[in-house]
Amino acid sequence: MNSELKIYNSLSKEKEVFRPIHPGRVGMYVCGPTVYSNVHLGNCRTFVSFDIVYRYLQFLGYKVRYVRNVTDVGHLEGDVDTGGEDKLGKRARLEELQPMEIAHKYTVGFHDMMRIFNVLSPSIEPRATGHIPEQIEMVQQILDNGYAYEVNGSVYFDTLKFAEKDGIYGELSGRKIEDLIAESRDNLKKQDEKRHPSDFAIWIKAAPEHLMHWDSPWSVGFPGWHLECSAMSTKYLGKTFDIHGGGNDLKFPHHENEVAQNYGACGCTPARTWMHGNMLLLNGKKMSKSDGNSIMPEELFTGKSSHLTKGYTPMVVRFFMLQTHYRSTLDLSDDALQAAEKGYRRLMEAYATLQALPFSGDATAGVQDQEVREWIAGVHDEMNDDFNTPKALARLFEIVSRINSWKGGQLSMEGLTEATYTELKATFTTFIFDIFGLQDEAAAGGDDGFKTLDGLMQLIIDMRADVRARKDWSAADKIRDVLKEVGIVLKDGKEGTEWSKE
RNA sequence: GGUCGGGUGGCCGAGCGGCUAGGCAGAGGUCUGCAAAACCUCGUACAGCGGUUCAAAUCCGCUUCCGACCUCCA
């Protein structure tokens with residue numbers, strides 16, 4: 001490859017050449033789910049996006065420490081002042097379970113879904129309830145440094161002070177200090193514990209009925225939602241690390257407040273590069289559980305949804321996601337999924353073709369060798385350009401045409417050396433499986449089972465070849481038709497008959 | 001209302017000053033017993049109106065439509 005990795009930094013709003021703090025190592029933190037209900041497809045898209053980032057960084061040879069948390073406490077519905085209820089606590093009440101049962105139930109569900117989408121497990125998956133002492137310690141540091149104040153057992157971060165003193169509150173999400181200050185005048189009358197509307201709770205005194213609570217220097221209570229990410233990222237990745245990721249919708253207030261907390265506690269901002277994945281749209285609107293505009297992965301797989309005409313496999317969905325850049329919104333529709341399904345199959349069949357295709361090129365390099373070498377450099381360049389999966393995928397399809405032409409005899413391997421051919425095969429395979437994280441669903445389904453089936457199919461194909469040699473077309477067609485009914489397609493080519501599952 | 005991001009061919013989506021991706025669908029052809037697959041060729045684009053430029057989908061301005069965030073959300 002010819003290029004260096006460039007990543008779009010939400011903080012600077014520019015693509016920057018990526019240089020890790022420690023050569024050869026990358027520290028990456030991504031905000032995980034709040035485990036109070038099942039993940040929907042929009043959640044999955046974000047984790048697939050960062051899975052690609054994780055995979056590609058590893059492919060480049062970096063030793064990556066990837067931390068992705070699970071939020072199991074402190075995430076309130078609404079505001080603290082308006083008596084917001086903890087999401088897990090509420091769910092626990094509704095399902096008549098312990099909050100930890102809720103957390104466990106939906107964490108397991110989340111993991112299952114990640115496995116189904118072939119999302120790699122992060123290096124560390126810390127949970128908020130497992131890091132209460134660290135969070136209390138951080139609150140204390142923020143208080144000691146004068147960036148927070150205590151009221152009636154709750155502790156609030158003083159955003160106005162931070163904004164005025166350091167001038168970086170609002171930098172990430174594009175909010176202005178002047179607006180904050182202007183707001184504060186109107187707010188003086190409010191009978192609020194907070195000094196300023198943009199202040200946020202970092203420790204919340206628990207109401208008597210609140211199920212999850214811990215002792216602290218200020219009250220029996222629980223940590224604010226934003227605090228866990230600051231505490232856990234600092235613990236596992238240090239005060240400053242390379243990449244912080246998450247969904248676009250977390251930029252404000254969650255990430256902005258994280259920056260404030262880290263600054264308040266450590267005097268520096270946590271991440272050098274901020275990456276934000278864009279939303280998955282359904283009916284032209286953001287997929288969201290709270291307004292009911294969402295689709296669950298199960299519905300997608302089974303096709304049992306008013307938005308779909310049929311079901312789609314996890315890898316088709318993953319392929320579908322890869323066709324769009326992570327910073328663009330992606331509109332889910334049945335038509336688009338059908339197109340993705342065919343594209344995915346075409347790619348997988350080309351992979352199988354390439355595996356079986358013998359080398360028939362030359363000892364000396366010619367024009368074609370040069371073309372293939374340029375192609376190999378090209379796919380890497382696309383990924384280096386802020387993980388441009390749609391472009392890299394487009395490049396893969398350029399090679400699909402070439403593979404099929406070699407096989408079909410429309411193109412020879414003239415001028416192609418074996419070394420280049422080997423590299424082509426390796427690159428093609430690596431991109432599909434290791435970097436894009438796709439799986440060959442047709443070939444899956446058990447190696448033993450597949451061998452048996454393949455043996456049977458070879459027998460049937462041989463017998464049908466005899467029938468065809470006698471020009472008994474009706475018998476040959478009948479075999480083909482019956483097989484089609486059970487989902488097996490026969491393709492008669494020059495070199496014989498091939499079979500594949502529909 | 002404030003801040004930001006969009007409107008690209010039948011659909012999904014790249015591109016973001018000159019070389020006009022890719023997938024799916026459509027048309028014609030090659031191959032084949034037929035079919036399928038594959039291959040080759042081909043339409044139909046850059047929301048509208050102005051402007052800058054030798055050159056604009058790409059830059060600037062206005063209009064219009066859509067979305068995100070500003071309150072929990074990946």
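Chain letters run A, B, ... following the sequence lines, proteins first and then strands; every chain starts at 1. A quick note: this is a predicted structure, and the numbers were derived from the prediction, not measured. Side chains included, hydrogens not; waters and symmetry mates left out as well; all remaining heavy atoms used.
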Just so I know, are the side chains of A/Met113 and A/Asn43 near enough to count as touching, which here means a heavy-atom distance under 4.5 Å?
no
Per atom distances to the A/Ser328 side chain, the nearest of B/A36, B/A14, B/A74 is B/A14
Base B/C69 to side chain A/Asn248, donor-acceptor N/O within 3.5 Å cut-off
no
With a 4.0 Å limit, can you tell me whether A/Ser288 has a side-chain N or O closer than that to the phosphate oxygens OP1/OP2 of B/A74?
no
Interatomic distance where CG belongs to A/Leu172 and P belongs to B/C70 [whole Å]
13 Å
Donor-acceptor pair under 3.5 Å: do we get one between A/Arg480's side chain and the base of B/A35?
yes
Any protein N or O atoms within reach of nucleotides 63-67 of chain B? Criterion: under 3.5 Å, listing atom names and distances.
none

When you measure from the side chain of A/Asn69 to the backbone of A/Pro126, do you find a donor-acceptor pair of N or O atoms at a distance under 3.5 Å?
no
Between A/Asp242 (side chain) and A/Gly27 (backbone), is there a donor-acceptor pair under 3.5 Å?
yes
Please tell me if the side chains of A/Tyr106 and A/Leu88 come closer than 4.5 Å, counting only heavy atoms from C-beta onward.
no
Just checking A/Ser173: base, sugar-phosphate only, or nothing, at a heavy-atom cut-off of under 4.0 Å?
nothing
Same-atom distance (C1') from B/G51 to B/C65, integer angstrom:
23 Å
So A/Arg464, base contact, sugar-phosphate only, or nothing? Heavy-atom distance under 4.0 Å.
base
For A/Met275 and B/A74, what is the distance between atoms CE and P respectively, to the nearest whole Å?
18 Å
Measure NE2/A/His255 against C1'/B/C69 and give the value in whole Å, please.
13 Å
For atom P, what is the distance between B/C70 and B/U63, given to the nearest Å?
27 Å
Proximity to the side chain of A/Asp492 - top-ranked nucleotide from B/G33, B/A74, B/G13:
B/G33
Options B/C12, B/C39, B/C34, nucleotide nearest the side-chain atoms of A/Asp477
B/C34
Inspect the contact between A/Arg395 and A/Asp381 and indicate whether a charged nitrogen and a carboxylate oxygen are less than 4.0 angstrom apart.
no
Both A/Asn388 and A/Cys31 contact RNA chain B. Which one's nearest nucleotide lies toward the 5' end?
A/Asn388
Any heavy-atom pair between the side chains of A/Ile52 and A/Met321 that's under 4.5 Å?
no
Could you state the CG-P distance from A/Asp51 to B/A74, rounded to the nearest angstrom?
18 Å
Considering the options A/Leu393, A/Ile432, A/Thr389, which one meets the side-chain contact (heavy atoms from CB on, under 4.5 Å) requirement together with A/Phe319?
A/Leu393
Given B/C70, B/C39, B/G33, the nucleotide with the shortest approach to the side chain of A/Arg175:
B/C70
Return the nearest nucleotide to the side chain of A/Val489; candidates are B/A74, B/C34, B/A36.
B/A36
Do the side chains of A/Arg402 and A/Gln368 get nearer than 4.5 Å, heavy atoms only?
yes
Among B/C72, B/A38, B/G13, the one nearest any side-chain atom of A/Gln410 is B/A38
Rounded to whole Å, please give me the gap between CD in A/Glu256 and P in B/C4.
14 Å
Quick one: on RNA chain B, does A/Glu349 or A/Leu330 contact a more 5' nucleotide (nearest heavy atom)?
A/Leu330
Interatomic distance at P, B/A27 relative to B/A36, whole Å:
12 Å
Contact class for A/Leu280 vs. all strands (heavy atom < 4.0 Å): base, sugar-phosphate, or nothing?
base
Quickly work out the A/Asp472 CG to B/C34 P distance and round it to whole Å.
16 Å
Evaluate the criterion ring pair (Phe, Tyr, Trp, His ring centres under 6.0 Å) for residue pair A/Phe431 and A/His380; output intermediate values, then yes/no.
CA-CA 9 Å; A/Phe431 265 79; A/His380 292 92; 5.1 Å; yes
Between B/A74 and B/G61, how far apart are the two P atoms, rounded to whole Å?
36 Å
As a test of your reading of the structure, name each stem of RNA chain B as range with range, where a stem is three or more consecutive Watson-Crick or G-U pairs at under 3.5 Å.
B:1-7 with B:64-70, B:10-12 with B:22-24, B:26-30 with B:38-42, B:47-51 with B:59-63
Between B/G5 (P) and A/Asp331 (CG): distance, integer Å
20 Å
Passing option when A/Phe47 is tested against A/Phe110, A/Tyr326, A/Phe117 for ring pair (Phe, Tyr, Trp, His ring centres under 6.0 Å)
A/Phe110
For residues A/Tyr8 and A/Asp386, report the shortest heavy-atom separation together with the two atoms involved.
N-OD1, 3.1 Å
When you compare B/C49 with B/G43, how far apart are their C1' atoms, in angstrom units rounded to a whole number?
28 Å
side-chain N/O A/Asn43 vs B/A74 OP1/OP2, d < 4.0 Å:
yes
If you look at every strand shown and take non-hydrogen atoms under 4.0 Å, does A/His276 touch a base, only sugar-phosphate, or nothing?
nothing
Taking B/A47 as the reference, what is the distance to B/G13 when you measure between their P atoms (whole Å, please)?
15 Å
Give one of base, sugar-phosphate or nothing for A/Gly32, where a contact means two heavy atoms less than 4.0 Å apart.
sugar-phosphate
Classified by glycosidic angle (syn within 90° of 0, else anti), B/G22 comes out anti
For nucleotides B/C60 and B/G17, find the distance between their P atoms and express it as a whole number of Å.
11 Å
Which whole-number value in Å describes the distance from A/His244 NE2 to B/A74 C1'?
12 Å
How far does the P atom of B/G48 sit from the matching atom of B/G29, given to the nearest Å?
35 Å
Do nucleotides 20-26 of chain B as a string where each nucleotide becomes B, S or -: B if the base has a protein heavy atom under 4.0 Å, S if just the sugar-phosphate does, - if no protein is that close.
-BSBSS-
How would you label the contact of A/Gly246 with the nucleic acid (heavy atoms, under 4.0 Å): base, sugar-phosphate, or nothing?
sugar-phosphate
Find out whether A/Val400 and A/Tyr351 are in side-chain contact, i.e. whether some heavy atom of one side chain is under 4.5 Å from a heavy atom of the other.
no
Under 4.0 Å between a Lys/Arg side-chain N and an Asp/Glu carboxylate O for A/Asp481 and A/Lys478?
no
Cationic tip of A/Arg68 above A/Phe50 ring, under 6.0 Å, 45° of axis
no
A/Leu416 and A/Trp406, any side-chain heavy atoms less than 4.5 Å apart
yes
